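Please read these numbers as outputs of a predicted model, since none were measured by experiment. Remember, it's 1-based here, ligands and their atoms both numbered in the order they're listed.
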Amino acid sequence: MLRTNTCGDLNVHDVGKIVKLAGWVQKNRNLGGMTFIDLRDRYGVTQLAFDMEINAELCDIARNLGREFVIQIVGEVIERSAKNLNIPTGEIEINVSKINVLNESKLPPFTIENKTDGGEELRMKYRYLDIRRDPIKNNLILRHRITSKTRNYLDLKGFCEIETPYLIKSTPEGARDFIVPSRVNPTQFYALPQSPQTFKQLLMVGGMDKYYQIVKCFRDEDLRSDRQPEFTQIDCEMSFVNQEDVLNTFEGLIINLFKEIKGIELSQFPRITYKEAISTYGTDKPDIRFGMKFVDLTNLCKGTEFNVFNEAELIIGINVKGGSSFSRKDIDKYTEFIRSSQINAKGLVYCKYNEDGSFKSSVDKFFNQEQLNNWSEACKSSPGDLILIIAGEESNTRNALSELRLLVAENLEIRNNSEFAPIWVVDFPLYEWDKESNRYHSMHHPFTSPKSSDIDHIKNNPNDLIADAYDLVINGNEIGGGSIRIHNKEIQKIIFEHLGFNQEEARNQFGFLMDAFEYGAPPHGGIAFGLDRLCSVIGGKESIRDFIAFPKNNSARDTMIDSPSYINHEQLDDLNLKLKN
Ligand code: ASP
C-alpha cells in the first residue's frame, strides 16, 4: 500500500507512530523557519510539518509543492502546539522525513475548499475537481449510504433486485422518449425507458413477487432547474397487495432511512386525499411544516360594491401569524409576485388585525370593521396577524395562493431544512382532462387501477373515477409515487379506450402487457422514489444536481465531456440517418 493511514485517521493516540500518508496538497504555508502543508484525501485533512532547521532540503522541496500535487510522505505523528479542535486530526501533525511526489498538478481553475471561488459552470466543467471538495464529496457519500441502506431494508423484506432493459420500445404516452437508432434494424428505433413500469409488472406476472431496482430513467422533457434528463429511481413492485400494504412497506423504508442516516425518528405519516390537499394547500405536494391553511372566504366576501370579489369564482385566504408587522413595501412585493407572468393572479387583498383589536385592510372602502371581523374569525386570526386573500378563477387562484404561501413561509424562515414532514397524498383522480388534445390523460399512468369501489361504474363515468394511486411528499417535494395496477385485461382495455387509444394502437403499444394479462396476472402494485430528490431532501439542500456525480446543466448538456455532440457521416450512414439541411 502507498499509505499506512488515511488523512482522516490520526489523532493524539497515534503520537509517536511512524506513518505513511498519500493525498493532495490542499494548502502550502511557508512561515520562514517552518512550512506547513494540509494534505487531503477523501477521509480528511492532516497537517504536515517541515522544519528548516531539521531538514532544509526537504523543507525546500515542500515549499515548492503546488496546490493539488499528489504526494506520499513518511513521518512521525507528533502533538501540535497550536491545536485545531474543529477537525478530528487537529491535535496532531506529521513531522515529515520523506516526500515522494506521485504526480504534479496544474493550478486548479477554482479553489478546492468548502467555500470555493468557482462559479457553477466552471465547477461543472471540472466536476472531478469539484468532487474533491467536501460539500460535493459528502453528498455523494450520503447518496451511497441511502442506496446501501435502501438495499439492506428491501433485501430484509424479501425484495429481489432485478435489472430491466434500457433499450426498449417508444410509446407516445407520458413524457417524450429519448430515442436510439438501431443499426441492425435499419429505420427502427429503441427508446430509453422513462421508467421500468411495464417490465416490473411483467416480473409480477413472472411470479417474482417482490422486485426492486435502483435504476436510471430517461425523460426528454423541457428542463427546469430541478430536473435532469436522466435521473435515478428506487423502483419497486409487489404482488398480492393492496394500497395499505404498499404504503406500510415503504413508509417503513423512509422511516428506516431517516433513522439510520439522520438519527431522526419519524412518526406515522399523515395522509391526505388529493381533493383535500388541493382545497387546503392549493397543491398536491403540500409543505405541512407550517400552517397557513387555505380558508374559503367566497361566501363571506361577496355582496358589496367590490366587484373583483363579486365576479370571482373562488375567494381564499391564509392567516399569517404575526404578519401585521409587514410593511407596505413587503405587501407590495407579494402583490407584484402574484401578478407576475408566472403566477398570473389579478391582485392581493390584505387585512391586518392590529394589536388594538381594530382591522386595517386594502379594501376598507368596501368592507366595514364587522365584515373584516368575520373574515378574521373564519381565518382564526388574532391581534398581530395578517390575512392575505386572492380571488379569481378557481384553479389559478388556488395555485397563486399556494405559491404565495410558500414564499411568505420562506421569508418568515419557517421552512426549516432540518425539520422533516412527510405526508401521503392518496385518492388521486384517475384522469385529468387535457384541453389541448381534447382527451383524458392518466394522472399517474395508464396501468393504474381505479379504486375497487369505482370499478363497477367504470364504463359510464370516467371523470369521477378515483385511482388507487398515492404520492409521498416530504417538505413540499414529491419524493415518490405509485399505484395499485390493473391486472385484468378487460379493465385495461376500457382504460385504453378512455385514453383515446383505438384497439390497434393499444395492441401496437401495449400488446405484450395485454397478452401477459391472459396468463394469470396476480393483483399487484408498487411505487417509485426519485433518488436524486430524496438525497437532496435528506441532505437538506434545494438542488438535486449537487447529489449527482456528473449532472447535466440547464440546457441538458454535460459540459465536462461536451455532450451531446455531432457524429460523423459514417456513423450516420451506418444508422441510416440523414441530417436535415
Ligand atoms: N413508474 C411510475 C413512475 O415512474 C412509478 C410507479 O407507478 O411505480 O412514476
Does [X] have a heavy atom less than 4.0 Å from any atom of ligand 1?
X: Glu237; value: no
X: Gln233; value: yes
X: Arg219; value: yes

Pair Tyr470, Asp427: side-chain N/O donor-acceptor within cut-off below 3.5 Å = no

Ligand 1 to Lys200 polar contact by distance, N or O atoms, under 3.5 Å = yes

Looking only at N/O atoms, are Arg485 and ligand 1 under 3.5 Å apart anywhere?
-> yes

Quick check on contacts: which atoms of ligand 1 are under 4.0 angstrom from a heavy atom of [X]?
X: Gly482; answer: 6 (C), 7 (O)
X: Ser195; answer: 1 (N), 4 (O)
X: Ile527; answer: 8 (O)
X: Gln197; answer: 1 (N), 2 (C), 5 (C), 6 (C), 7 (O), 8 (O)

Are the aromatic rings of [X] and [Y] close, with centres under 6.0 Å apart?
X: Phe496; Y: Phe510; value: yes
X: Phe258; Y: Phe420; value: yes
X: His524; Y: Phe240; value: no

Phe159 six-ring face occupied by Lys210 cation (under 6.0 Å, within 45°) = yes

Exercise: identify the closest heavy-atom pair between Ile455 and Ser449 = CD1-OG, 4.3 Å

Give the single entry among Gly481, Cys217, Gly526 that approaches atom 5 (C) of ligand 1 most closely by any heavy atom.
-> Gly481

Enclosure of Asp222 CG (heavy-atom neighbours >12, cutoff 6.0 Å) | no

